[in-house]
Amino acid sequence: MALLVQKYGGTSVGSIERIEAVADRVLKHKQQGDDIVVVVSAMSGETNRLIGLAKSIQATPDVREMDVLLSTGEQVTIALLSMALMKRGLKAKSYTGSQVRITTDNSHGKARIQDIDTDAMRSDLDDGTVLVVAGFQGADEFGNITTLGRGGSDTTGVALAAALKADECQIYTDVDGVYTTDPRVVDSARRLEKITFEEMLEMASLGSKVLQIRSVEFAGKYQVPLRVLSSFKDGDGTLITTDGENTMEQPAVSGIAFNRDEAKLTLKGVPDVPGVASKILGPVSEANVEVDMIVQNVSMDGTTDFTFTVHRNDYDKALNVLQGVAKDLNAKEVLSDDKIAKVSIVGVGMRSHAGVATSMFKALAEESINIQLISTSEIKVSVIIDEKYMELAVRSLHSAFKLNEPNTGVSEA
Ligand code: ADP
Ligand code: ASP
Ligand code: MG
């Protein structure tokens, strides 16, 4: 008998038939003697629909009211799933985030969980009740409804599993695990049996939205056994754990992530003197814009070019700020491009294998794909390229690093 937290995403609860199928799956686990806490998302498309309604009234909706609105999506699915469980003869009870006492800070739209009171949940579980909890939401200390950011139900699932010391947190979705890259882009992508927290965190941060970044951080920090599985078919899915697929000889590259959500800004011809980087990026961060990659060129004639990337949602804001900075610094011009994509190779094995980046650049060159920016860390190499070559780049890297073949040891492109 195990205590399982099972999270079902939007597609998995996207219709009454899908909700009934989730109830069947929960029933099967209950019959095996497991205790179950279910976390659900809103029905697929619902959160976007609600955002659209808000924006039709206020271009920049009030953040507190936005959270009141968005939390309703998940409130619908907890009630419907509880009814479907009761229909199957199970004891079930729905809980919103505040009812289950998930306390967060007050950053509406990106609230962080501070505390979860497990007493009430424990007594329900002792009584054999299936708890059905609304994902993505909590309440601050004054009872204001908060939400945890897009994809936040994953974090609710992991946080509940950590608080309850569950045997496993199972993330049920519309793919049967974590793949070497998004299987919707590369047909030959291969499901991984296991992936390390470190690699999964990097994949999620670099654009693989199969798990919300914060849920992976949380799982790593509290050592929550985390598994990604399909709600459509049975299988073992992918276990996110401390060791990867092949502990003896980890291949250099485990996966490829990509992201269309960035934009690039360049300030040309700024004086190459100490303090310039902070004069450029200071106003950008004061405008609450997060910067991702930063590159400064070598100096020519005492001036340099300064390039950075931001989230595409912040593109207009960042461009505005930069035009002001350009005047102050007497820069030659501001260049900007929001038709870019970031493609990254990820793998803990890269640490011990030189030449992985070179193999990546060679594979891209063979497709005549121009690299605009590069950034590296111990376990990833990212490049910025023209958005229109993104899928080609992902497919060619996937085959160059032989990711479609089962791991046999070291992979060289
Ligand atoms: P849910 O609604 O269940 O939370 P998401 O849409 O958030 O589901 O995440 C599942 C999707 O993640 C898949 O449909 C797939 O297209 C995408 N995805 C991106 N990268 C990967 C990857 N490396 N492995 C598996 N799925 C991925
Ligand atoms: N419903 C929210 C969203 O669409 C949270 C989630 O599904 O995880 O982002
Ligand atoms: Mg998701």
Side-chain angles (χ1 to χ4, degrees), residues 6-15 18 22 38-52 66-67 69-78 97 109-111 133-138 146-159 169-195 199-216 226-232 235 237-238 240 253-261 343-347 390-391 394 397-398 403-404:
Q6 301 189 326
K7 178 261 171 176
Y8 292 89
T11 322
S12 306
V13 293
S15 64
R18 294 302 314 153
V22 168
V38 185
V39 173
V40 281
S41 290
M43 294 169 89
S44 56
E46 179 61 6
T47 307
N48 286 343
R49 188 185 73 87
L50 294 169
I51 292 172
M66 191 66 160
D67 279 354
L69 178 69
L70 294 191
S71 66
T72 63
E74 273 71 10
Q75 197 168 328
V76 170
T77 42
I78 53 171
K110 48 174 190 254
V133 180
F136 173 59
Q137 56 180 263
T146 54
T147 63
L148 311 179
R150 296 308 303 267
S153 299
D154 295 338
T155 299
T156 306
V158 174
C169 178
Q170 304 180 330
I171 306 285
Y172 286 92
T173 184
D174 54 6
V175 282
D176 64 347
V178 177
Y179 278 68
T180 46
T181 192
D182 190 338
R184 296 186 201 288
V185 169
V186 179
D187 287 343
S188 61
R190 186 175 53 84
R191 182 175 59 83
L192 299 162
E193 295 284 322
K194 291 190 199 176
I195 183 169
E199 286 169 316
M200 191 62 239
L201 188 60
E202 203 70 46
M203 291 277 281
S205 311
L206 294 167
S208 303
K209 288 174 190 140
V210 57
L211 285 174
Q212 198 203 28
I213 304 168
R214 280 173 48 204
S215 71
V216 187
L226 182 62
R227 195 182 287 278
V228 175
L229 304 129
S230 167
S231 69
F232 292 77
T238 300
I240 294 102
V253 177
S254 304
I256 297 171
F258 52 86
N259 187 356
R260 284 190 189 87
D261 296 341
V343 176
S344 311
I345 55 173
V346 174
M390 190 191 81
E391 296 198 0
V394 174
L397 290 171
H398 197 267
L403 292 180
N404 53 325

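Each ligand, and each atom within it, is numbered from 1 in the order the structure gives. From a predicted model like this one, the values you see are computed outputs, not experimental measurements.
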Open item on the list: Is there a polar contact, in the sense of an N or O pair closer than 3.5 Å, between Gly151 and ligand 2?
Closed with: yes

Task: Closest protein heavy atom (residue, atom, distance) for atom 7 (O) of ligand 2 - done: Ser41 OG, 2.9 Å

Open item on the list: Strictly less than 4.0 Å: does any protein heavy-atom distance to atom 6 (O) of ligand 1 fall in that range?
Closed with: no

TODO: Could you find the nearest protein heavy atom to atom 9 (O) of ligand 2 and give me its residue, atom name and distance?
DONE: Arg150 NE, 2.7 Å

- [ ] Could you name the option among Val185, Val228, Asp174 that has the heavy atom nearest to atom 13 (C) of ligand 1?
- [x] Asp174

Open item on the list: Can you list everything that forms a side-chain contact (heavy atoms from CB on, under 4.5 Å) with Ser71? Sequence neighbours excluded, please.
Closed with: Gln137, Ile145

Task: Donor-acceptor contact present, side-chain Thr238 to main-chain Leu192, <3.5 Å - done: yes

Open item on the list: Using a plain distance cutoff, I'd like to know if Lys7 has any nitrogen or oxygen under 3.5 Å from a nitrogen or oxygen of ligand 2.
Closed with: no

TODO: Could you verify whether a donor N or O on one side chain and an acceptor N or O on the other, from Asp67 and Thr146, lie under 3.5 Å apart?
DONE: no

Open item on the list: Only heavy atoms of Ser153, strictly under 4.0 Å: list the atoms of ligand 2 that pass.
Closed with: 5 (C), 6 (C), 7 (O), 8 (O)

Task: Gly152 to ligand 2, any heavy atom closer than 4.0 Å - done: yes

Task: For Gly10, the ligand 1 atoms whose distance to one of its heavy atoms is below 4.0 Å - done: 2 (O)

Task: Close approach, Glu46 and ligand 2, non-hydrogen under 4.0 angstrom - done: no

- [ ] Answer with side chain, backbone, both or neither: which part of Thr173 has a heavy atom less than 4.0 angstrom from an atom of ligand 1?
- [x] both

Task: Side chain, backbone, both or neither: Pro183 near ligand 1, heavy atoms under 4.0 Å - done: side chain

